[in-house]
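Notes follow once the structure below has been shown.
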Amino acid sequence: MDVSSDKYEKIVDLAARRGFFWPSYEIYGGLAGFYDLGPLGSLLKENIRKLWLDYFVFRHQDMVVLIETPVIAPEIVFKASGHVESFTDPIVTCSKCGKIYRADHLLEDILGIKVEGLRPEELTSIIREKGVKCPSCGGELEDVRTFNLLFQTNVGPYKHDVAYLRPEAAQGMFTSFKRVFNAMRYSLPLGIAQVGRVARNEISPRQGMVRLREFTIMEVEFFFDPEDAEEPDFSRFPEKLRILTADARSKGLDEVVVVRPEEAVAEGIVLNKWLAYWMSVAQAFAKELGLREDEILFEEKLPEERAHYSKQTFDQLVSISRWGWVEISGHAYRTDYDLSRHMQFSGEDMTVYRELKKPKEVTKKSVVIDQELLKEYFGSDTPRVLQALRRLSVEEVEKILSEGEVIVDGFKVPARVFRIEEVKEVVRGRRFIPHVVEPSFGAERLLLVVLDKAYYEEGGRVVLKLPPKLAPYKLAVFPLIPKEESLRTLARRIYHDAVKAGLTVIYDEDGSIGRRYARVDEIGVPFAVTVDYQSLEDNTVTVRFRDSREQIRIKSDEVIKWVLNNL
RNA sequence: GCGGCGGUCGUCCAGCCUGGUCUAGGACGCCGGCCUCCCAAGCCGGAGAUCCCGGGUUCAAAUCCCGGCCGCCGCACCA
């Protein structure tokens with residue numbers, strides 16, 4: 001076992017022991033892909049969530065808003081989104097022993113042929129043609145069916161009211177887009193953010209907290225006008241992005257290009273400027289979690305790796321012990337796919353209207369019908385004929401003009417009633433379906449990454465060098481000599497004042513001072529205040545730094561202000 | 001799901017091969033007490049284990065056999 005995997009073991013051990021996380025339902029043997037967050041883990045995740053909200057919502061509050069939508073959605077939503085059809089793997093069951101295989105992998109293993117992307121019926125016929133049997137018992141294989149990674153449930157008592165647990169929060173943003181867009185007074189670009197639980201019925205989740213069947217997703221669906229020339233303000237997050245392009249990957253190269261996001265757009269590496277912008281925000285956010293720039297890499301997904309809705313996808317990978325490069329965020333250019341699909345399936349108009357900066361004059365052909373002439377031909381039938389003729393397009397009328405006459409609703413209409421004229425028209429705006437880029441993070445994965453980056457061993461003891469902003473507890477307060485009532489009194493007063501000021505604080509009078517420092521180092525408390533005899537004389541206390549173990553003396557009534565300033 | 005490895009106090013590990021003396025042992029941690037004026041000191045005491053689950057073999061199973069569950073690694077999928 002190498003050093004890095006050893007480190008991971010130690011983190012998992014620490015996590016379970018001190019209360020960051022552990023496998024769910026342990027008393028019943030656990031359930032793969034499900035983890036509990038303990039007291040410290042809950043606080044840490046909340047702090048990660050807050051930091052994410054800061055970067056992705058509040059620092060962009062002129063254009064990004066937060067919403068919350070249900071975990072459960074009716075079947076139609078995921079039919080429209082494409083998940084019912086595409087969020088699947090093909091599987092095949094042995095009729096004799098009941099074992100289940102991934103059909104495409106089985107065929108690739110046994111026959112050594114490429115079958116990726118084939119439909120279930122095609123896979124079934126290959127199995128029949130080649131006489132493929134169950135590799136375990138030799139039994140007959142059933143027809144290939146698809147295994148959907150959506151968790152299915154029912155709403156209410158009726159079996160046919162099928163619903164699913166969402167595998168991403170995104171569909172809530174799409175289905176409520178019109179409401180939010182309206183509430184935000186029709187402004188574009190518009191980001192809709194959501195933090196919430198999602199569930200994916202992974203066939204076999206591994207890697208502990210890295211792959212879960214239920215987890216918290218933090219997403220922004222960012223809606224914009226694809227024709228809008230306005231640039232994102234790249235100067236706000238002046239990041240250099242390290243990008244491994246799909247082109248390089250398909251050539252088997254691992255050459256990383258290092259570019260500013262706006263350069264990546266200009267050079268055609270990233271297809272959309274907003275996609276690039278949010279990648280730079282994502283990197284700035286990752287750095288605040290304790291990652292160095294050289295531990296971050298954006299990997300472009302190959303076409304066959306991309307989700308069905310995406311035109312281009314980058315994963316933000318970060319390097320951690322044990323698993324090397326791990327995806328912490330996905331950045332997908334979803335175009336107008338989702339809104340278009342929901343428009344089709346719901347019948348709701350998902351287009352938006354935007355006024356042009358300058359109205360423009362266009363000349364276009366227009367059909368003019370000579371109504372006087374029409375009256376001569378059709379008399380009292382004129383209104384009916386007119387109504388029918390108005391449905392004709394310019395092209396249809398041009399055809400009629402060349403043919404001499406047309407029969408509409410049983411009326412024979414001569415071409416001479418039509419005339420085509422060029423007319424000038426003022427266009428003030430246009431209707432279109434907004435395009436979407438999506439940055440999407442898995443919160444529990446970030447929690448593991450943060451612990452991995454913060455974990456240090458120094459002199460045989462563990463120190464979690466968590467960024468103070470993320471630390472579950474911000475301050476520890478100790479009386480140096482616990483049996484000295486006067487020291488305890490002062491220490492307790494500082495503790496209560498700190499709690500009142502909104503800090504998370506640990507008070508401990510148990511064991512030697514060194515032991516108490518060690519205990520709080522292990523859970524990443526950045527500052528420890530110790531009350532000693534001098535405190536009683538001059539009203540000062542020591543503040544001890546977790547990372548350096550250095551101490552300074554400050555006035556005891558300034559402790560809280562000092563801590564707040566140093567978070 | 002397949003293949004490999006594993007599962008014993010909170011944690012790490014010993015015991016398993018060669019079944020009985022294991023009412024399962026140690027270390028660390030935890031709790032109580034003593035001591036201690038700043039970095040896991042020391043002393044005394046204490047709590048804490050369905051030996052992963054189910055079946056089988058046996059007079060006797062933590063130990064041997066079978067099945068399952070869970071975890072880790074590889075394949076695949078993905079935040």
Side-chain angles (χ1 to χ4, degrees), chain A residues 1 5 8-10 12-14 16-19 22-34 87-89 91-94 99-106 108-109 116 135-136 147 149 167-169 198 200-213 215-219 301 305-307 313 315-317 322-323 326-332 438-446 448-449 458-463 478-484 487 510-522 528 530-536 541-542 544 546 549-551:
Chain A
M1 200 175 273
S5 60
Y8 173 78
E9 299 287 345
K10 286 173 177 175
V12 168
D13 173 30
L14 173 72
R17 206 157 36 76
R18 297 305 306 269
W22 53 77
S24 298
Y25 315 114
E26 268 184 311
I27 63 166
Y28 291 106
L31 184 61
F34 296 89
F87 202 53
T88 58
D89 289 329
I91 55 167
V92 64
T93 306
C94 171
K99 279 204 171 138
I100 295 173
Y101 302 90
R102 251 201 73 168
D104 48 349
H105 296 164
L106 185 71
E108 280 170 23
D109 287 352
E116 200 179 333
S136 175
F147 174 75
L149 269 52
E168 56 171 6
V198 298
R200 300 175 183 183
N201 200 5
E202 303 282 348
I203 294 174
S204 181
R206 290 295 155 85
Q207 308 177 345
M209 283 282 285
V210 175
R211 166 148 309 111
L212 299 174
R213 284 188 165 124
F215 63 98
T216 301
I217 212 164
M218 305 190 293
E219 284 182 338
K301 305 318 283 180
E305 294 172 332
R306 288 200 302 260
T313 300
D315 280 348
Q316 182 178 208
L317 310 181
R322 181 71 159 238
W323 286 303
V326 163
E327 299 94 339
I328 58 162
S329 66
H331 299 262
E438 171 202 72
S440 167
F441 287 79
E444 289 78 1
R445 234 180 232 197
L446 293 179
L448 184 67
V449 167
E458 283 169 3
R461 38 194 254 193
V462 174
V463 184
F478 308 135
L480 185 60
I481 312 297
K483 71 171 182 185
E484 196 68 54
L487 296 184
D510 194 6
S512 73
I513 192 68
R515 179 183 294 273
R516 281 178 274 165
Y517 287 142
R519 272 199 286 254
V520 296
D521 282 348
E522 198 183 36
T530 301
V531 175
D532 55 21
Y533 287 109
Q534 193 186 328
S535 307
L536 302 175
V541 293
T542 62
R544 180 260 194 190
R546 175 195 65 198
R549 300 195 194 180
E550 282 164 5
Q551 294 188 337

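Convention: sequence-line order gives letters A, B, ...; per-chain numbering from 1. As the structure is a prediction and not an experimental result, all values here were calculated from the model.
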Distance, rounded to the nearest Å, where E26(A) contributes CD and G10(B) contributes C1' | 11 Å
For L487(A), answer base if it contacts any base atom (sugar-phosphate contacts may also be present), sugar-phosphate if it contacts only those atoms, and nothing otherwise; contact means non-hydrogen atoms under 4.0 Å.
-> nothing
Under the salt bridge (Lys or Arg N to Asp or Glu O under 4.0 Å) rule, collect the residues that match up with R519(A), sequence neighbours excluded.
-> D508(A)
Nearest-Å distance for atom pair CD/C1', residues E327(A) and A76(B) = 13 Å
Scan V462(A) against the nucleic acid and name what it touches under 4.0 Å (heavy atoms): base, sugar-phosphate only, or nothing.
-> base
Write down the distance separating the C1' atoms in A61(B) and G71(B), rounded off to the nearest Å.
-> 24 Å
Of the nucleotides A79(B), C39(B), G10(B), which one has an atom closest to the side chain of R17(A)?
-> G10(B)
How long is the line joining CD of E219(A) and C1' of A79(B), in whole Å?
-> 9 Å
Re G20(B): Watson-Crick or G-U wobble partner, both distances kept under 3.5 Å, found to be C59(B)
Can a side chain N or O of R519(A) be found less than 4.0 Å away from OP1 or OP2 on C30(B)?
-> yes
Taking only N/O atoms, report every protein-nucleotides 69-73 of chain B pair under 3.5 Å with atom names and distance.
| unit_1 | atom_1 | unit_2 | atom_2 | d |
| --- | --- | --- | --- | --- |
| C70(B) | O4' | G29(A) | O | 3.1 |
| C72(B) | OP1 | G208(A) | N | 2.3 |
| C72(B) | O3' | R322(A) | NH2 | 2.9 |
| C72(B) | O2' | R322(A) | NH2 | 2.7 |
| C73(B) | OP1 | R322(A) | NE | 3.4 |
| C73(B) | OP1 | W323(A) | NE1 | 2.1 |
| C73(B) | N4 | R206(A) | NH1 | 2.6 |

Starting at CZ of R445(A) and ending at C1' of A79(B), how long is that distance when rounded to a whole Å?
-> 5 Å
By centroid distance (under 5.5 Å) and plane angle (under 30°), are F215(A) and A79(B) in a stacked arrangement?
-> yes
Round to a whole Å and report the spacing from CG of L149(A) to C1' of G1(B).
-> 13 Å
In whole angstrom, what separates R306(A)'s CZ from C77(B)'s C1'?
-> 17 Å
Hunt down the Watson-Crick or G-U wobble partner of C2(B), both distances under 3.5 Å, from any strand shown, or write none.
-> G74(B)
Pick base, sugar-phosphate or nothing for R461(A), based on heavy-atom distances below 4.0 Å to the nucleic acid.
-> base
Under 4.0 Å between any heavy atoms, over every strand shown, what does T530(A) touch: base, sugar-phosphate, or nothing? Just pick one.
-> base
Provide, to the nearest angstrom, the distance between the CG atom belonging to L14(A) and the P atom belonging to G29(B).
-> 15 Å
Mind calculating the distance between CD (E522(A)) and P (G29(B)) to the nearest angstrom?
-> 10 Å
Confirm from the modelled atom types if E202(A) and C78(B) form a donor-acceptor pair under 3.5 Å, side chain to base only.
-> no
Describe the nucleic acid contact of T542(A) in one word from base, sugar-phosphate, nothing, applying a heavy-atom distance below 4.0 Å.
-> base
Could one point to a donor on the side chain of R211(A) or the base of C78(B) with an acceptor on the other under 3.5 Å away?
-> yes
Determine, for nucleotides 32-37 of chain B in 5'-to-3' order, which nucleotides have protein heavy atoms under 4.0 Å from the base (write B), from only the sugar-phosphate (write S), or from neither (write -).
-> S---BB
OP1 or OP2 of C39(B) sitting under 4.0 Å from any side-chain N/O of R544(A)?
-> no
Between the side chain of D315(A) and the main-chain N/O of L317(A), is any donor-acceptor distance below 3.5 Å?
-> no
